[in-house]
Enquirer: 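After the structure tokens below, expect a handful of questions from me.
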Protein chains: 2
Amino acid sequence: MPTAPFFRRIDVAPAYQKVADAIEREIVNGRIKPGEPIGTEQELVQQFGVNRSTVREGIRVLEEGGLIQRDSSRRLHACLPRYNKLATRLSRALVLHEVTFRELFEASMTLEAASIQGAVERATDANVAELADNLERSEKVVADPAALAELDAEFHVLIAKASQNRVLQLAREPAAQLFFPTTEMIVGRIAEGGARLVEAHRHLLDAIKRRDKEAGALWTRRHLQDWRRGFEKIASLDRSVEHMYMEHAHAARRR
Amino acid sequence: MPTAPFFRRIDVAPAYQKVADAIEREIVNGRIKPGEPIGTEQELVQQFGVNRSTVREGIRVLEEGGLIQRDSSRRLHACLPRYNKLATRLSRALVLHEVTFRELFEASMTLEAASIQGAVERATDANVAELADNLERSEKVVADPAALAELDAEFHVLIAKASQNRVLQLAREPAAQLFFPTTEMIVGRIAEGGARLVEAHRHLLDAIKRRDKEAGALWTRRHLQDWRRGFEKIASLDRSVEHMYMEHAHAARRR
DNA sequence: ATTCTAGCTTTGTCGGACAAATCCAGAATA
DNA sequence: TATTCTGGATTTGTCCGACAAAGCTAGAAT
């Protein structure tokens, strides 16, 4: 017969985890504001009463989580996690789960449509200017798939930004990171691919300027359908996202 | 006059980062499959030729990134990053960026609608069964806001799962993690809140069974509008997501 | 006032150490 | 023979101390 349960489970989290949690709590609760210094490793050693190796393991956890960063002089600061850094983690997860382009396409269709919708409603003059600038640069490289693909990705990031909805901005990022690298391949394979892409962007910007939801939705659909048609010339939508995209994400993270 | 650039930039990433990158590459490239052991710290020390402290810092990075895990016996294994663990990171980021409930609501509206859409098109019998089970349990706790809120969150996760779209599943999670904790408060404050919630779920499940897109879209809107009305009785939609939600996410992560 | 320099600090890495938990294989037992 | 026990070997989590390289700082030199 088991004894009555006098004791509750005791916390046996390793020390480095407790260090990480403690610092995380201070940051998330706002007691340490983004940008503020965390202190040197030596100080943390003294405050927590653990060894420096232990502190350092805790620091790595927070660093990877994007909550703290080292500045130019390697000192620790709290910081706002950057979306695209986090999104890279997610993209990696999607790759490992071997999601298909069909899933990617469907999700992106929804997310991009919502972004445009938001942009049409709430884009500021500054947003429009950024988009216009991007469009102008795109027009100059219509014939250069690599450059155009990069600008295309940027264009859609700017649209998400113009939606003024950071949740949407974050939600679309992982899919976009996997989605847009294909653009380069596709633009080259479809007749007038570059021109069609730029034209779609032009209409999207125009829709935003005129706050015309209909046009925004229409050209989003067309733009993505173009992608889809192009993609299907290369491969089946049911192909899973390939490992090569990780190379891409990898390279991007280093920058 | 500067000399001709004979040399390219040399890589000065710290050793622990190189260790992490090296292991990550093997996993992402598929040379180490999820579930397979990574080896002991000692083995890694020998393979990389660095100190154990260095290896351990690298391990922390990968652990936090969700790429490796320790099993019950604390041995290291590669693993598929779990969505809700990653999503917790994102939720935390959203909190720190002080996103508003309006952003959360708008994004969720889009994402939940897309999930239902997908579920209506592609839900399997197993999905339907899970949803039916959830509904049944929900009906038993209509009067218990806390229990109902939890089941509501689960219901929507199940719907996303039924959409068979993992990108969508992942994209909706961060917003959902912040969105659904409010349900508990709201259900209590709106007349017949619990009953309305369960009714909406019933109609959603029904729409999925009948593969009726219209009904699915309609009841998603109603369901979320109910949330919105309830929320606005408590606070403005322009309130930023509060720090208290982190407590929630925090507690959940421990489980 | 500006530049230089020599120390002080901090980080990244290393080697070694030890207790606690876990694993494993051979011994003892039913 | 199958199961349980047990003691040693591994492995992890933590600690201590050390050192080179890079960054910072304050006083010296110009």
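None of these values were measured; they are calculated from a predicted model. Every chain is numbered from 1, with letters handed out A, B, ... down the list of sequences.
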Enquirer: Between A:Tyr16 (OH) and D:dC15 (P), how many Å, whole number?
Expert: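 After rounding, the gap between these two atoms is 13 Å.
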Enquirer: Checking contacts here: which listed nucleotide (C:dC14, C:dT11, D:dT12) is nearest the side-chain heavy atoms of B:Arg74?
Expert: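 Of the options given, the side chain of B:Arg74 lies nearest D:dT12.
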Enquirer: What's the spacing between A:Leu90 CG and A:Glu173 CD if we round to 0.5 Å?
Expert: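 Separation between the atoms: 9.5 Å.
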Enquirer: Counting only distance, no hydrogens or angles, is the base of D:dG17 paired donor-acceptor with the side chain of A:Arg52 under 3.5 Å?
Expert: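 Such a pair does not exist between side chain and base.
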Enquirer: Nearest nucleotide by nearest heavy atom, which residue falls closer to the 5' end of DNA chain D, B:Leu76 or A:Gly49?
Expert: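 Upstream on the strand: B:Leu76.
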Enquirer: Starting the side chain at C-beta, find the nucleotide from C:dT11, D:dT14, C:dC14 nearest to B:Thr54.
Expert: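 In terms of side-chain proximity for B:Thr54, the closest of C:dT11, D:dT14, C:dC14 is C:dC14.
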Enquirer: So, does B:Ser53 get its side chain near the phosphate of C:dG12, meaning an N or O under 4.0 Å from OP1 or OP2?
Expert: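 The answer is no; no side-chain N or O of B:Ser53 sits under 4.0 Å from OP1 or OP2.
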Enquirer: Take the protein atom CD of B:Glu63 and the nucleotide atom C1' of D:dT12, then report the distance between them rounded to whole Å.
Expert: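 Computing the B:Glu63:CD to D:dT12:C1' distance gives 11 Å.
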Enquirer: Would you mind telling me which of B:Glu103, B:Glu98, B:His97 makes a side-chain hydrogen bond (donor to acceptor under 3.5 Å, both in side chains) with A:Arg166?
Expert: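 By the side-chain hydrogen bond (donor to acceptor under 3.5 Å, both in side chains) criterion, A:Arg166 pairs with just one of B:Glu103, B:Glu98, B:His97: B:Glu103.
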Enquirer: Looking at B:Asn51, I'd like to know whether one of its side-chain N or O atoms comes within less than 4.0 Å of OP1 or OP2 on C:dT13.
Expert: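 B:Asn51 to C:dT13 OP1/OP2: no side-chain N or O under 4.0 Å.
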Enquirer: To the nearest Å, give me how far apart CD (B:Glu57) and C1' (C:dT13) are.
Expert: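 The distance from CD of B:Glu57 to C1' of C:dT13 comes to 9 Å, rounded to the nearest Å.
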Enquirer: Could you give the CD-to-P distance, from A:Gln69 to C:dT11, as a whole number of Å?
Expert: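 Distance, rounded to whole Å: 15 Å.
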Enquirer: Ring centroids only, cut at 6.0 angstrom: are A:Phe179 and A:His156 within range, meaning strictly under it?
Expert: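 They do not qualify: ring centres at least 6.0 Å apart.
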Enquirer: Can you tell me the distance, in whole Å, between the CD atom of B:Gln42 and the P atom of C:dC14?
Expert: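 Going from B:Gln42 (CD) to C:dC14 (P), I get 13 Å.
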Enquirer: Mapping B:Thr40 and A:Val50 onto DNA chain D by nearest heavy atom, which one lands closer to the 5' end?
Expert: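 Closer to the 5' end of DNA chain D: B:Thr40.
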Enquirer: Does a donor on one side chain sit under 3.5 Å from an acceptor on the other, for A:Gln177 and A:Asn84?
Expert: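 Per modelled atom types, A:Gln177 and A:Asn84 side chains form no pair under 3.5 Å.
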Enquirer: Which atom names give the shortest non-hydrogen contact between A:Ile159 and A:Ala119, and what distance separates them?
Expert: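 Looking at all heavy atoms of both residues, the closest pair is O-CB, 3.8 Å.
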Enquirer: Roughly, in whole Å, what's the span from NZ in A:Lys18 to P in D:dC15?
Expert: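 Taking NZ of A:Lys18 and P of D:dC15, I get 11 Å after rounding.
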Enquirer: Give the rounded distance in Å between these two atoms: CD of B:Glu41 and P of C:dA21.
Expert: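 Taking atom P of C:dA21 as the reference, CD of B:Glu41 is at 17 Å.
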Enquirer: Is there a donor and acceptor pair closer than 3.5 Å between the side chain of B:Arg56 and the base of D:dT14?
Expert: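 Per atom types, no contact qualifies.
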Enquirer: Please determine, for the side chain of B:Ala15, which listed nucleotide (C:dG12, C:dT13, D:dT14) has the closest atom?
Expert: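 Given the options C:dG12, C:dT13, D:dT14, the side chain of B:Ala15 is closest to C:dT13.
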Enquirer: Are OP1 or OP2 of D:dT12 and a side-chain N or O of B:Arg70 less than 4.0 angstrom apart?
Expert: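 So the side-chain polar atoms of B:Arg70 do come within 4.0 Å of the phosphate oxygens OP1 or OP2 of D:dT12, strictly under.
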Enquirer: Give the rounded distance in Å between these two atoms: CD of B:Gln46 and C1' of D:dT10.
Expert: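 Between C1' of D:dT10 and CD of B:Gln46: 13 Å.
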